[in-house]
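Following: one structure in structure tokens, then a few remarks.
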Amino acid sequence: MKIALSAVAAAALLIAAPQSASAWPVNAPTCEEDIRAAILFRDANVNRSARWAANLKSWYGAGEACPQCADDPCGNHGYHGNWEGLECRGDWIIEDGWSRWSGQKSAKGPCKKITNFHLPDRGLEGPFPEHLKYFPNLHEIDLDNNAMIGELPEWLACMSNLIEIDLEDNDFTGTIPRTWGNLFQLEEVEVDDNPQLRGCIPQGLPANEHGGKVSFSTDPKIGTSWGGTRINGQRCADAPMPDCSHTKIPEDAPMPSKGTLPEEIELPPGHEDMTPEEAAEYFRQRLASNTVHSNHP
Ligand SMILES: *[C@@H]1O[C@H](CO)[C@@H](O)[C@H](O)[C@H]1NC(C)=O
């Protein structure tokens with residue numbers, strides 16, 4: 001079967017044509033601060049449970065097909081790489097009351113930003129993952145339909161780019177932090193079906209969503225939904241911004257891995273026709289036989 005460039009071949013292309021900051025957009029690297037945040041998140045959560053481990057096992061190098069490659073969560077598939085659940089959709093543009101993603105090709109800046117964290121439907125357990133706070137450019141957090149418990153964090157208010165928070169179908173307790181009312185870009189907040197959530201809705205959150213469940217679309221200001229909770233639907237005052245200093249990436253956080261592969265690997269003839277499995281096998285063999293082609297100066 002003919003396939004588009006497989007994950008492995010794509011990873012290899014990255015190696016064959018080293019990225020440079022000026023080569024925006026296709027060959028731009030993932031932003032360093034985003035990679036460092038992802039590494040912190042991975043290392044803090046990978047051993048939390050078997051489910052967390054399974055969902056973070058691709059968070060190395062260019063993904064599972066090439067964990068030895070340089071760290072590149074955004075990859076070059078357009079809006080994502082091979083780190084499960086992470087997406088890099090470009091800039092969030094608000095124009096004439098409508099909003100949309102720019103896509104990578106039209107995004108500004110010298111590097112690709114991790115904009116979306118999507119790990120729904122995984123059965124992920126435990127408290128809200130604190131290390132999300134380090135992602136500097138997140139616009140969407142989707143932990144819909146997991147098994148998360150505990151209180152919702154006040155510091156989420158520090159993630160000022162957020163447009164969507166989807167925590168539907170979990171077991172969170174307590175109330176929606178009033179600090180969240182400071183998230184002025186929010187268009188969608190879903191906390192439905194967290195049976196123990198209670199209390200009021202901070203004034204600054206999006207308008208009430210009608211009709212229960214919502215799904216994200218290009219509609220501006222989709223709303224806040226809380227069916228299946230003990231939230232009373234009343235609006236209450238926002239709280240001032242919390243202390244956000246602890247959300248900065250620590251100076252001693254690990255730097256991105258540059259990879260342990262030789263700098264250049266040549267794609268085999270006919271690589272366009274390889275399946276991902278064939279491509280992965282090709283690279284395994286090349287690495288094992290240590291006959292990797294090297295034509296860099
Ligand atoms: C996770 O656990 C494995 C096995 O015990 C260990 O080798 C690895 O270093 C741990 N990873 C982190 C990031 O703590």
Side-chain angles (χ1 to χ4, degrees), residues 7-8 10-11 14-15 19 29-75 77 80-88 111-138 140-153 155-156 158-159 167 170-172 244-262 280-281 283-284 287-288 290:
V8 176
L14 288 180
I15 299 163
Q19 301 166 347
T30 305
C31 298
E32 183 177 281
E33 56 181 358
D34 292 77
I35 303 178
R36 295 179 83 194
I39 292 172
L40 284 172
F41 186 94
R42 178 195 69 202
D43 291 350
N45 292 288
V46 70
N47 284 343
R48 239 170 113 172
S49 73
R51 288 200 180 91
W52 278 102
N55 283 285
L56 297 176
K57 69 176 191 279
S58 59
W59 286 33
Y60 295 89
E64 281 191 84
C66 189
Q68 315 92 319
C69 291
D71 283 341
D72 185 26
C74 289
H77 295 294
H80 66 95
N82 299 302
W83 291 33
E84 182 163 355
L86 297 183
E87 295 176 3
C88 314
C111 54
K112 293 174 177 168
K113 300 186 277 278
I114 298 175
T115 55
N116 293 51
F117 182 99
H118 289 178
L119 285 177
D121 310 317
R122 308 296 211 283
L124 296 172
E125 322 88 332
F128 193 95
E130 182 173 359
H131 290 71
L132 268 183
K133 69 187 182 185
Y134 293 125
F135 284 92
N137 297 303
L138 273 195
E140 298 188 9
I141 294 174
D142 181 356
L143 287 164
D144 192 331
N145 193 24
N146 283 298
M148 315 222 75
I149 57 168
E151 305 229 330
L152 300 171
W155 54 256
L156 211 65
C158 301
M159 306 186 76
L167 304 174
N170 281 283
D171 292 306
F172 288 114
C244 291
S245 55
H246 63 101
T247 67
K248 294 246 178 310
I249 296 173
E251 272 173 34
D252 61 355
M255 295 301 284
S257 164
K258 294 189 191 320
T260 53
L261 283 178
E281 184 54 28
F283 281 98
R284 262 196 294 278
L287 290 166
N290 207 16

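Only this structure's heavy atoms are used, side chains among them; waters, hydrogens and symmetry mates stay out. Read the numbers this way: they start at 1 and go in the same order the structure lists the ligands and their atoms.
Both cation-pi conditions hold for R42 and Y60: the charged atom is under 6.0 angstrom from the six-membered ring centre and inside a 45 degree cone around its axis.
The distance from atom CG of L86 to atom CD1 of I35, rounded to the nearest 0.5 Å, is 11.0 Å.
Looking only at heavy atoms of the protein, atom 13 (C) of ligand 1 is closest to D43 O, 3.5 Å.
One side chain, D72 or T30, offers a donor N or O that lies under 3.5 Å from an acceptor on the other.
Within a 4.0 Å radius of atom 9 (O) of ligand 1, the protein has no heavy atom. For atom 5 (O) of ligand 1, the nearest protein heavy atom lies 4.0 Å or farther away.
Taking the six-membered ring for Trp, F128 and W155 have ring centres closer than 6.0 Å.
Between N47 and ligand 1, an N or O atom pair is found at a separation short of 3.5 Å.
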